Protein chains: 2
Amino acid sequence: MKQLDLRIIKTKESLKEALMLLLKEKTLNSISVTEICRLAKVNRGTFYTHYGQVENLFEEYFKEIMQNLKDSYLEPYKYAWTIHTKELNPATIRIFHHIEKYEEFYRIVFSKTAPLNYYYLLFDHLQQLLDEDMRLHGNDKIDTGMLSAYQANAILGLVIEWHRQDFKQNAEEMNKLLVELLKYVTQD
Amino acid sequence: MKQLDLRIIKTKESLKEALMLLLKEKTLNSISVTEICRLAKVNRGTFYTHYGQVENLFEEYFKEIMQNLKDSYLEPYKYAWTIHTKELNPATIRIFHHIEKYEEFYRIVFSKTAPLNYYYLLFDHLQQLLDEDMRLHGNDKIDTGMLSAYQANAILGLVIEWHRQDFKQNAEEMNKLLVELLKYVTQD
DNA sequence: AATTTTATTATACAGTTGTTCATTAAAAAA
DNA sequence: TTTTTTAATGAACAACTGTATAATAAAATT
């Protein structure tokens with residue numbers, strides 16, 4: 001079992017802390033490696049031994065948030081719902097609350113200059129959560145990969161629109177809206 | 001009426017041509033301003049008077065493709081369909097064929113390193129097309145902005161999954177799949 | 001505590017970026 | 001055609017990038 005060198009931990013913490021400070025003042029996109037290293041008092045060469053670019057450092061933060069997404073999603077799992085929209089209970093959809101909680105972070109992730117990769121990573125996590133639902137409650141008459149992709153994206157689409165409207169609605173309203181939309185699409 | 005200087009047209013054409021050549025060999029992300037200018041035989045300073053970065057040059061190409069999307073969407077408009085999924089006719093959804101036609105382009109647009117902005121631009125065009133449908137056939141019991149966002153994203157979600165599966169299905173199959181998914185979500 | 005391992009540093013390098021400015025040359029207007 | 005306007009060029013600038021290497025220092029191992 002390989003023990004992590006304390007120097008590495010310290011370096012990474014310094015770099016992360018510096019990035020977080022800079023993110024309060026400027027966009028991810030405009031932050032340079034040099035700038036982070038100056039603030040973190042870490043040699044620029046050291047940065048490159050751990051991360052290839054600023055985005056890779058940001059992704060460590062990303063992983064933390066994704067873990068929280070998973071937790072907040074599973075928490076109210078007792079109200080289990082399936083892809084059958086009429087059984088959908090707004091209280092079970094925690095993702096809007098999660099995003100509300102980490103609004104600052106998601107403003108970065110959904111900004112115009114952010115690489116599409118963040119969308120994909122977020123998508124993957126969400127799809128995986130939906131897959132768990134489907135495996136438990138859904139039937140399998142259809143390509144489950146495509147279906148869960150469809151479902152995950154329906155939610156993410158709403159989230160993107162939410163972001164574009166500057167998160168003016170609150171999470172509860174977004175939950176209700178999702179239910180409304182699903183009902184509307186479902187009705188004849 | 002301001003007449004465009006011939007020199008500007010020539011410069012822009014040279015730059016675009018150079019970018020297109022480079023895109024056949026490497027990713028958008030790895031192409032530098034210097035490289036484009038070397039190939040186009042255009043002074044680097046001139047590049048910056050017209051475009052701030054490589055992505056801005058790429059967006060000119062983007063606009064052309066978007067015009068084609070609109071054309072290919074409106075073409076079979078006679079088979080008009082609404083958001084009521086049961087009336088959806090696969091033949092009316094031309095977007096998959098459009099993407100199939102410009103596959104090379106969409107591989108760039110959906111690549112991990114592409115800025116989210118391309119997604120937004122594509123989204124806007126698609127949403128606008130759907131809005132036209134809604135204004136003609138939809139009722140207005142619900143927030144139309146959110147609804148068209150939801151619809152546009154449902155389709156884009158499928159497109160992204162299509163891209164991730166390396167466009168292995170053909171456009172016709174994707175059309176059928178969309179209809180299947182909508183039916184499935186609609187059924188009780 | 002002494003030794004070994006390895007992460008960090010300082011330094012240097014060629015290349016890119018984004019900007020500025022005087023000069024040149026090409027297009028538009030007279 | 002001549003004059004005027006303005007786009008393109010070449011050169012120079014400081015700053016950042018990505019990489020490499022020898023020297024140093026800090027952690028892990030014995």
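Quick caveat: nothing in here was measured; it's all calculated off a predicted structure. Order of the sequence lines sets the chain letters (A, B, ...), proteins ahead of strands, with each chain counted from 1.
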Sorted by number, the residues of residues 56-64 of chain A with heavy-atom contact under 4.0 Å to DNA chain D: none
Identify, residue by residue, the members of residues 25-42 of chain B with a heavy atom below 4.0 Å from DNA chain D, and return them in order of residue number, or none.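 Those residues whose heavy atoms fall under 4.0 Å from DNA chain D, taken from residues 25-42 of chain B in numerical order, are B:Lys41, B:Val42.
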B:Gln67/B:Asp71 under side-chain hydrogen bond (donor to acceptor under 3.5 Å, both in side chains): CA gap, chis, key distance, verdict: CA-CA 6 Å; B:Gln67 187 52 50; B:Asp71 295 345; 3.2 Å; yes
Residues 38-49 of chain B vs side-chain hydrogen bond (donor to acceptor under 3.5 Å, both in side chains), sequence neighbours excluded, gives none
Residues pairing under side-chain hydrogen bond (donor to acceptor under 3.5 Å, both in side chains) where one sits in residues 10-25 of chain A, two or more places apart or in two chains, turn out to be A:Lys16-A:Glu64
List every contact pair, protein side and nucleotides 25-27 of chain D side both N or O, where the distance is under 3.5 Å.
unit_1 : atom_1 : unit_2  : atom_2 : d
D:dA26 : N3     : A:Arg7  : NH1    : 3.0
D:dA27 : OP1    : A:Lys10 : NZ     : 2.5

C:dA7 phosphate, OP1 or OP2: any side-chain N/O from A:Thr46 under 4.0 angstrom? no
Answer yes or no: does a side-chain N or O of A:Thr11 lie under 4.0 Å from OP1 or OP2 of C:dT8? yes
Can you tell me the distance, in whole Å, between the [atom1] atom of [X] and the [atom2] atom of [N]?
{"X": "B:Tyr48", "N": "D:dA8", "atom1": "OH", "atom2": "P", "answer": "16 Å"}
{"X": "A:His50", "N": "D:dT19", "atom1": "NE2", "atom2": "P", "answer": "15 Å"}
{"X": "A:Phe47", "N": "C:dT8", "atom1": "CZ", "atom2": "C1'", "answer": "15 Å"}
{"X": "A:Glu13", "N": "C:dA7", "atom1": "CD", "atom2": "P", "answer": "17 Å"}
{"X": "B:Arg44", "N": "C:dG15", "atom1": "CZ", "atom2": "P", "answer": "14 Å"}
{"X": "A:Ile8", "N": "C:dA7", "atom1": "CD1", "atom2": "P", "answer": "5 Å"}
{"X": "B:Asn43", "N": "C:dG18", "atom1": "CG", "atom2": "P", "answer": "15 Å"}
{"X": "B:Gln53", "N": "C:dT16", "atom1": "CD", "atom2": "P", "answer": "18 Å"}

Nearest 0.5 Å please: distance from the [atom1] atom of [X] over to the [atom2] atom of [Y].
{"X": "B:Leu39", "Y": "B:Leu15", "atom1": "CG", "atom2": "CG", "answer": "10.0 Å"}
{"X": "B:Leu19", "Y": "B:Ile31", "atom1": "CG", "atom2": "CD1", "answer": "5.5 Å"}
{"X": "A:Leu129", "Y": "A:Ile95", "atom1": "CG", "atom2": "CD1", "answer": "8.0 Å"}
{"X": "B:Phe110", "Y": "B:His163", "atom1": "CZ", "atom2": "NE2", "answer": "7.5 Å"}
{"X": "A:Leu28", "Y": "A:Leu22", "atom1": "CG", "atom2": "CG", "answer": "10.5 Å"}
{"X": "A:Ile155", "Y": "A:Leu126", "atom1": "CD1", "atom2": "CG", "answer": "5.0 Å"}

In terms of relative ring orientation, are B:Phe105 and B:Tyr61 parallel, tilted or perpendicular, with 30° and 60° separating the classes? perpendicular
Strictly by modelled atom types, are B:Tyr106 and B:His98 linked by a side-chain donor-acceptor pair under 3.5 Å? yes
Would you say the side chains of A:Asp124 and A:Tyr119 form a donor-acceptor pair under 3.5 Å? no
Note down the inter-axis angle between the two ends of the helix from C:dA1-D:dT30 to C:dA30-D:dT1, five pairs each, to the nearest 10°.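 Roughly 30° between the end axes, to the nearest 10°.
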With a 4.0 Å cut-off, would you call A:Glu103 and A:Arg107 a salt bridge? yes
N-O pairing of A:Arg7 and A:Asp5 below 4.0 Å: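 Salt bridge present between A:Arg7 and A:Asp5.
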